[in-house]
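What follows is one structure encoded as structure tokens, with my remarks underneath.
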Amino acid sequence: MAAADSPSLALQRRDLCSRGIRLAGKMRSDVVELLDTYVERQGLDASVSVAGVEGVPVAAVERWDEQTGTQRVLENLAAYRAFRVLLAEMLEEQREQLGDTDTALGRALASVLLQVSAFTYHLEELLRLESLGLPSEEEESPPPLDPHLGLFERKLRGLRVLRELSQWAVRSARDLRQIAKHSPATSSAPSPAHSP
Amino acid sequence: DSHTQYERVGADVTMKCGSMDWGSSVTWTANGTDIDESHLNGSYLILKNVDLTQSGQYSCYEGSSWHLKYQTYLSVGLPPKEPVLMCRSNNYPKGFYCSWHLPSPTYIPNFFNISVIHGTREMVCEKDVFPKNRCHIRYLQLFSTVKYKVTLTVTNALGKNSTTVTFDEFTIVKPDPPESVVAKPVPNNPRRLEVSWQNPSSWPDPESFPLKFFLRYRPLILDQWQHVELSDGTSHTITDAYAGKEYIIQVAAKDNDIGTWSDWSVAVHATPWTEEPKHLTTEAQMTETTSASTSSFMPPPTTKICDKGAVVGSGAVAVCWTAGLVLAAYGVLFI
């Protein structure tokens, strides 16, 4: 992350990170619950493999501890922008299948979509704080949904979206803690309340 | 010609005396003791339905010359049952440990082989020197949805068995219990106890991967626990303790986001602060008054009964009061 000298900037960064961590935590627990609902309503086997499903941001990362703060924010931003598109598509598919989205699944999907949007905004704020340019959304958006994709393939894709989003929510909380911990201004900021 | 021969418990064993003919005259010994001829069929030794006690050194000697013609160590045992395999990460995000054991002994040497597959990748499990039934796998990726598949194969001379466990990265995360749990009374606060602890030393990075804690406490005289969950910090003040009662306190830990709770820490005991009995000065005055009026009666010193080192808490107060009343009664008699 770019070096920041102003204490107020440091506080803003720490505040954004703390709020982001809380948002990620809530998002994760809602996604885990949504996963159970999705599997049940879509008639899927919870252990079905989705390894072959493409076009979903994968949370798995090697050498995670070596990433810079900027890398972390940019990778998170790219992922959540993609999830925003994918979840909107899933919501649309619900509407097509059932005629409306005012079902438990539809409402849960909408709630998670809202949280993903909020988290995306959060990440954009973090980038703006560091005076880093926001990458263009067109470069990062996932490939449009193949109209010829069968119903079962769409369901598998939805499952992969939720599974990866659940992992991303955990990764994002960890990423934000690393950003807050390694921020150059934290040495001048008041020490955090908790200590090991 | 000496070697080890492995046989299953309950098997029938036939031993040939090397190259000696069936009709040759031979003597068999087990651990140096002659074996009765009833166990022989010609020069062959027949052991029916062998058991563990029949393990040992078997030797065959030519009848007349007593030349050693054959020797073997018979090791009676069992093929391995399905091993018990458990994998757990108490050092996330560094890696995880897998440990194993056999549900029942085989009585003969066993060899273990472990394979760890993550997706299409085979991972290395570094065996511990001690304990030797454990190995460590380093995470190459974090936040993966792909499951890990660990297969343990156990082989011995009598058979083979294996088991496989499959799990994902998050579900096996279980920290060790918190360490150095300390509970202290709070001066001038009869209902408080201050509890503090440390992160388990095996947890590599508590700052980036913070733990949350669960504290449980109860007075020794009651069975029901009180519980408190703490999302940060490594200390807590109990504010609703029963005055004067000894408490037992334990703490458990869990990663803030994933996995399961640790086992409970070692239990610590503590009793809240209690006020020193104020009536000690009153008793001293009563003792002086009693001594002044009678020269023959010498009451025992009340400070010993009320010594805090011997009795702590409300019990001490009750004993002191009793002593005071007795003294007062004697005083009244003699005035």
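For the numbers below, each heavy atom of this structure counts, side chains included, while hydrogens, waters and symmetry mates do not. A note on names: the letters A, B, ... follow the listed sequences, proteins ahead of strands, and every chain is numbered from 1.
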> Side chain, backbone, both or neither: which part of B:Asp168 has a non-hydrogen atom closer than 4.5 Å to chain A?
Replying inline: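 Neither; nothing under 4.5 Å.
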>> Given heavy-atom pairs under 4.5 angstrom as the criterion, report whether the side chain, backbone, both or neither of B:Phe209 touches chain A.
In response: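 When you check distances to chain A, atoms from both the backbone and side chain of B:Phe209 fall under 4.5 Å.
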> Between B:Gln141, B:Glu169, B:Lys147, which residue shows the highest count of heavy-atom pairs closer than 4.5 Å to chain A?
Replying inline: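 Heavy-atom pair counts peak at B:Gln141.
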> When the aromatic ring centroids of B:Phe214 and B:Trp261 are compared, is their separation below 6.0 Å?
Replying inline: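 So the answer is yes for these two rings.
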> If you count the non-hydrogen atoms of other residues, nucleotides and ligands that lie under 6.0 Å from CG in B:Asp240, is the total more than 12?
Replying inline: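 Yes, the 6.0 Å shell around CG holds more than 12 heavy atoms from other groups.
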>> If you count every heavy atom of other residues, nucleotides or ligands that lies below 6.0 Å from A:Glu54 atom CD, does the total exceed 12?
In response: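 Not more than 12 within 6.0 Å, no.
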> What are the two closest heavy atoms between B:Pro272 and B:Lys245, and how far apart are they?
Replying inline: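 Nearest heavy atoms, B:Pro272 then B:Lys245: CD-O, 3.1 Å.
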> Is it the backbone or the side chain of A:Arg63 that comes under 4.5 Å from a heavy atom of chain B, or both, or neither?
Replying inline: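 For A:Arg63, the backbone is the part near chain B, not the side chain.
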